[in-house]
Structure formats: structure tokens, C-alpha cells
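Scroll down for the structure; my scribbles are underneath it.
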Amino acid sequence: MAKCYSDWPPLPPLHPSRRTPSQTSLWTIRRQLASFVLHCSRSCASPLLEPKNLPDEFHAVSASTPAPVPVSPLPDAPKLGISNKFIRGLCSDRQTEQLAFECYRRALHQPEFRPDKKTMNALTVQLLRAKQWSSLELLVEDFRAYGVLPERRTCARLVASCIKARKLGLADVVLGVLEGKKGAPAAVAFSSAMQAYNKLHMYRSTLLVYERMRAARLSRDADAYRAVMAACGALGKPDMVSSLFKQYRSQKWYPSESCVETYAIVCDALGRAGRASDALKCLREMGADGVIPTATIYSSIIRSLANAHETSATEDLYNEAWKKGLLGDPDMFMKVIVMHVEAGRVEKTMGVAKDMRECGLRVTDCILSTIVNGFVKRRGLKPAIRAYDKLIALGCEPGQVTYASVINVYCQLGRSDRAESIFSEMTNRGFDKCVVAYGNMISMYGKIRRASDAMRLLAVMKKKGCEPNVWVYNSLLDMHGRLGNSRQAEKIWKDMMRRKVQPDCVSYTAIINAFNRSGELDRCMDLYQQFRETGGKVDKALAGLMVGVFSKCSRFNELIELLKDMQGTRLDRRLYMTVLRSLRDAGLEVHVKWLQTNFSFVEEKT
């Protein structure tokens, strides 16, 4: 037989000394509400709350409850069933919130029970906090069945949380339920969905949600327009961005803080699409609308103008932003420097670097190397060194790429002392694994016949864990080839093969030249045959070398085959005359006439 509710025991309060009397009373009522649900499941004859359907938390609470003691009846306790107020009371306490949805599901069996807006809101918030997605699916179906929705802020949070957790099907169902209501919760939820999809870079899904929103004739707020314009910009649809922006401006939402973000999205989208002039026009419209441009907007438009090589417009906008103190984007400075270098106005790059230092920005290694290499290309080697010295005087710190570029300049100038000094400074700062710098130094040592220093640097390079590439090996082979040291060249070649560095045409030319100088013609023939078997294409340098080898060996058939492979190529005068003399000395007049008919030579420049 079911007991009267006056016999139901409450759960004892935890740490009552830490609560005020009013807090203790409220806490005790909530615990007794939970005790009511537990007791109904155990003692009532009605199957409304069967224990087997209750979550494990009920049994855990029951196991830890002490022996019941008689208490006075609880006036607020429900006598006939579960109410909306009762469910909200469970949701409001962290000790009982996990029981709320189970009680709600059982309350649905009561003929007189109908969930209200506050109950739906409380249950949605609680289930989102607990990430109980299966329970949320059931609750969303009840949104449709009973025509009751949570608050609009909760609807937006529900959709965004589903998309963030990749519960895209559930998010679509929620939007479907809200779509039929056509109220403020629907508009806010659709806007929240588009923003959530943008955060996941699912821009096509954002467009689908927008089209769905427009088909349902839902009102679109500023957040919705910003979300869909950002998606169109990311997908490279500037025409659609412009169209949406016109609709946005017609709403007269400006001036406001959100308008600045909208203009930034539009300017960036137009700039990335190569429509720099339209982006600049958009910037001028901001002033007419009473919106003040930010540093982000200026940087975006300056980048787009620089990419379009609009030097005059770029400089004007750059100076305008500089006067307003709105320059601070390193990427924008880089774009401006590249524009000046490509336009041949490398002196302007020094002013940009100075502006960066005045802004408190670090002139990066990429920017420094771009300036130095720009001077090398446009003004020559010595002006590049002077520009580098000025940059160092400004307080710029070079990195690995800049050091390698400066070392290369000094090597080309023949200033081995300065190259060694910069290389030493570079390694002392920790940049000791730059293959390009090692290659430049080894190449320089080879050209000035300092073979011992080149081999020492190769050993240091390997010790540092920096693997030599084919360019380094080619420099060493060429050096030993020029010195006629075929034995050392062969050691380098074997080391190259052991490290599985694939030789190129320059490698074969250098090693063949080494053996040719030492008179080992058979070895030259073997290496040439190996090169041809690997599919190598003979260039003029290798051809000129092999012409001499074939002539010395009197192997004119191979010489003719080599010339046939080069048919259509204009030979330099030295190579042409060498072949001509070899054929005449051999008495091959027919081949001499064939050579004169099919080949011409280019006069060497003095």
C-alpha cells in the first residue's frame, strides 16, 4: 500500500553550518523534492516513476541516505503528479538537475501536463551543459509536438552548440522546427547557425542556411548579413558580397560598432578578389556613413592595392593611414616592399623599413632579405651591401636567409674576408644549419683555390647535421676538377653516391672535367655513357668537353652522334672551331661539309 507523503523522509543537509537560514531552507526543499521523486519510484503503486527507469544517480543517493526519521509534511510537495515548477526546481539545483529530464519524460504521461516555455528553456540549458545529445533530440521533437520553444537566446545557443559538436543533423532538425514559427527565435537561431558554420570554415553550409532563411522569409539582422558576406568572401564571390552589402546599407544600421566589422569583411573580400579599386571605394563610403575606418581595414586595402601594383594609390593610402597612426600590420608592410622592389623603386623600401621600426615592429628576416635581394637585382652588389649596412644601423636583426644573401653578395664581390666574418657572425647566433650559406662559402673557396678550407667546411657541415645537397657537391667537384685532382674528385663522387644525392648534368661535367685534366679518358667515356643511360640531356658545356675527349680518343662516330643530338643548337665559336679542326685533322671532309651545313656559331662577346 502506498504511503502518505508525510511519511517520506528528507535527505539531510550537507554542511548546514556554511549556509544562512534562508539558504538552508531553500536547499532542504530542493533535496526533499528529489527525495519525493525517489520515494515515488520505490513506494507508489502507480507505475509513473518505476525504479528501473530511473538513472543511476537515484540509486547512488539512496545508498548514501541514512535511516529515515519522522518529519512534518512538506506543504509544497506535489500530491497528484509532476508539475512544470517541480521540473524547473530540479533544473535549478546542480544536485538534482540530472533527474530533471527523466521526470519531464514521465510527466508527459500525465494527461493534464503540458510543458511551458520556462520548462523547455530550463531543460534545454541543462541538457546542453551536460552534452546529452540523445535527450536533446527527444526534447526538440517535443518543441514541434507541443508548439513550445525556449527563449530565443537559448535557441541560438542550441543551434550553435550542435554545429560546434558536429551534430549537424540535430542542428538541421532544430532549424526545421524553428523555420515554421517565423519569429524572433527563428531569425536569431538561423543567424547563429551561419556564424557557427563560418567558425568551422563550412562556408557552403552557411550559404545553404542563408538560402533556407530567405526562402522562409525570415527577417535578417546585421549578424546574419555579416555571416553570409564573410562566407561569400571566403568562397571568392565578390559580386554576391557587393549585392548583400547594398541590402545591408539599405537597412540603415550605421553608424555602430558592428558596422565597422561589416565594412572590414566587405573590403577584405573585394581586395582578395583582385578588386582593389572597389575596396578603396568602399573605404570612402565609410566616411559618408559616419563610420571611422580601423587599422585592419586600412591594412587590408593597402595589401590589395599593392598586389594590384597600384603604386600611386598605395602610397597615398599608406601616407593617410600613417598620419592617423593606423599602420601596424607586418604583412601589409611586406606587400608594400615587394611592390616597390618589383617596380624598381628599391630606395622606397628603406623608408618602409624605417617606418616599421618607428611603429615598434620588428623588421623580419623575410623583409630584410627581400630588400637586400631587391637591391642586388635592381642596383647591383655594392648598393646592396650599403643598403644592408643601413638596415643594421636602424636596429634590424638579420636572420638565416638575410645572412645567406649577404654572404653570397660578398662571395660574388670576391671579399672572402667579409664573407667569412658574416658567416662567423651567423653561426655564432645559432644559424649553423643553412645549406645555402655553406654552399656559397664552399663555392667561394673553390674559386680562390682554397681546397683545404672548403673540405674543412664540408666536415663542419656534416658534423652540425646539415646534409650537403647537389649544389655543394658540384662546387667541390668543380674545384677539384679545376685543380686536376681526380683522386679527390672521385672521393667526393663516391661520398655523393653513398649519401644518395642524385647528380645532375653539372655534376657529370665537373667529374668528367677532372678525369679529362688528369688524362683518364676511359673514365671520362664511362661516366658519359652512364649519364646518357640515365636519360641525361647534354648541354653546351658537357658537349664541348666531350668533343675534346672524343677527338683525343679518335672516336669520331660517337662525336658525330653527339652532334646529331645537338642538331638545331647554335654552338659558340670555340666549340664550333674545335669540332671543325678535329674532323679536318681526321680527314672527314664529308662530315666537315655536314657540320658547316647544319650548324652555325655565335660570336663570343668581348
Side-chain angles (χ1 to χ4, degrees), residues 341 346-347 349-350 353-354 357 363-485 488-489 491-492 495 506 510 513-514:
V341 169
V346 289
E347 288 77 15
T349 62
M350 301 298 294
K354 184 178 180 181
R357 294 299 300 162
V363 182
T364 63
D365 183 39
C366 184
I367 291 177
L368 282 175
S369 61
T370 301
I371 294 175
V372 172
N373 291 326
F375 269 92
V376 171
K377 183 178 180 181
R378 298 290 183 176
R379 298 293 182 267
L381 300 176
K382 291 183 178 180
I385 293 299
R386 287 194 292 269
Y388 171 76
D389 292 337
K390 290 180 181 179
L391 290 170
I392 297 301
L394 287 174
C396 303
E397 292 186 1
Q400 179 170 286
V401 179
T402 305
Y403 276 126
S405 299
V406 174
I407 290 171
N408 182 44
V409 172
Y410 277 122
C411 288
Q412 292 185 58
L413 289 172
R415 293 290 305 277
S416 59
D417 55 336
R418 289 296 298 151
E420 289 174 333
S421 176
I422 296 294
F423 183 78
S424 177
E425 178 184 334
M426 172 183 171
T427 54
N428 290 337
R429 289 190 58 198
F431 304 114
D432 55 358
K433 294 185 179 181
C434 180
V435 179
V436 176
Y438 280 107
N440 284 329
M441 292 298 295
I442 290 174
S443 176
M444 179 191 71
Y445 285 139
K447 290 176 181 178
I448 60 178
R449 296 177 178 269
R450 290 171 59 178
S452 59
D453 290 330
M455 296 305 294
R456 175 186 55 78
L457 198 56
L458 177 66
V460 172
M461 184 179 184
K462 293 177 181 178
K463 185 178 180 180
K464 296 288 185 180
C466 186
E467 288 294 327
N469 58 14
V470 65
W471 180 45
V472 174
Y473 279 115
N474 287 349
S475 298
L476 293 169
L477 289 171
D478 181 69
M479 176 185 67
H480 290 297
R482 291 174 183 274
L483 296 174
N485 192 346
Q488 194 63 38
K491 288 181 180 179
I492 297 296
D495 183 60
V506 177
N513 181 50

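In this text the structure is predicted, and so the values were computed from the model without any measurement.
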* Structure fact -> For C466 and K433, the nearest pair of non-hydrogen atoms, with its separation, is SG-O, 3.5 Å
* Asked: With distance as the sole test, does S369 use its side chain to make a donor-acceptor pair with the main-chain N or O of T402 at under 3.5 Å?
  -> no
* Asked: Can you name the closest pair of heavy atoms from N440 and A404 and give their distance?
  -> ND2-O, 3.5 Å
* Asked: How many angstroms lie between SG in C396 and NZ in K390, if you round to the nearest 0.5 Å?
  -> 13.0 Å
* To do: For residues N428 and E425, determine if any side-chain heavy atom of one lies less than 4.5 Å from a side-chain heavy atom of the other.
  => no
* To do: For P468 and L458, work out which heavy atoms get closest and say how close.
  => CG-CD1, 3.8 Å
* Asked: SG/C434 to CE/M441 distance, rounded to the nearest 0.5 angstrom?
  -> 12.0 Å
* Structure fact -> From the list V409, V346, T370, side chain to side chain contact (heavy atoms under 4.5 Å, CB included) with F375 holds only for V346
* Under the side-chain contact (heavy atoms from CB on, under 4.5 Å) rule, collect the residues that match up with V506, sequence neighbours excluded. => N474, D504
* From L457 atom CG to S452 atom OG, the distance as rounded to the nearest 0.5 Å -> 11.0 Å
* Do side-chain atoms of S405 reach the backbone of V401 as a donor and acceptor pair under 3.5 angstrom? -> yes
* Asked: Closest heavy-atom contact between A419 and I407?
  -> O-CG1, 4.2 Å
* Within-4.5 Å side-chain heavy-atom neighbours: L476 and M455 -> yes
* Heavy-atom donor-acceptor pair, S424 side chain to E420 backbone, under 3.5 Å -> no
* What distance do R415 atom CZ and D417 atom CG have between them, rounded to the nearest 0.5 Å? -> 4.5 Å
* **Any Y410 side-chain heavy atom under 4.5 Å of M444 side chain** => no
* When you measure from the side chain of D432 to the backbone N and O of T427, does any donor-acceptor pair fall under 3.5 Å? -> no
* Asked: Checking N469 side chain against V472 main chain: does a donor-acceptor pair fall under 3.5 Å?
  -> yes
* To do: For atom CZ of R450, decide whether the heavy atoms of other residues, nucleotides or ligands shown that lie under 6.0 angstrom number more than 12.
  => yes
* Could you tell me whether E467 and K462 have a side-chain N and a carboxylate O separated by less than 4.0 Å? => no
* Distance in Å, N408 CG paired with L413 CG, rounded so as to fall on 0.5 Å steps -> 9.5 Å
* Asked: Tell me, do D365 and Y403 make a side-chain contact under 4.5 Å, heavy atoms counted?
  -> no
* Distance (rounded to the nearest 0.5 Å) between I492 CD1 and N485 CG -> 9.5 Å
* Asked: Charged N to carboxylate O below 4.0 Å: is that the case for D495 and K491?
  -> no
* To do: Mind listing the closest non-hydrogen atom pair of M350 and A387 along with its distance?
  => CE-O, 3.7 Å
* Asked: How far apart are the closest heavy atoms of I448 and S416, and which atoms are they?
  -> CD1-CB, 4.2 Å
* Would you indicate whether the side-chain heavy atoms of V435 and M461 approach each other to under 4.5 Å? => yes
* Over 60° means perpendicular and under 30° means parallel, so classify the ring planes of Y438 and F423, tilted if in between. => perpendicular
* Asked: With sequence neighbours left out, what residues match R386 under side-chain contact (heavy atoms from CB on, under 4.5 Å)?
  -> K382, P383
* Exam field: side chain R378 to backbone V341, donor-acceptor pair closer than 3.5 Å -> yes
* Asked: Short question: side chain of R429, backbone of P398 - any donor-acceptor pair under 3.5 Å?
  -> yes
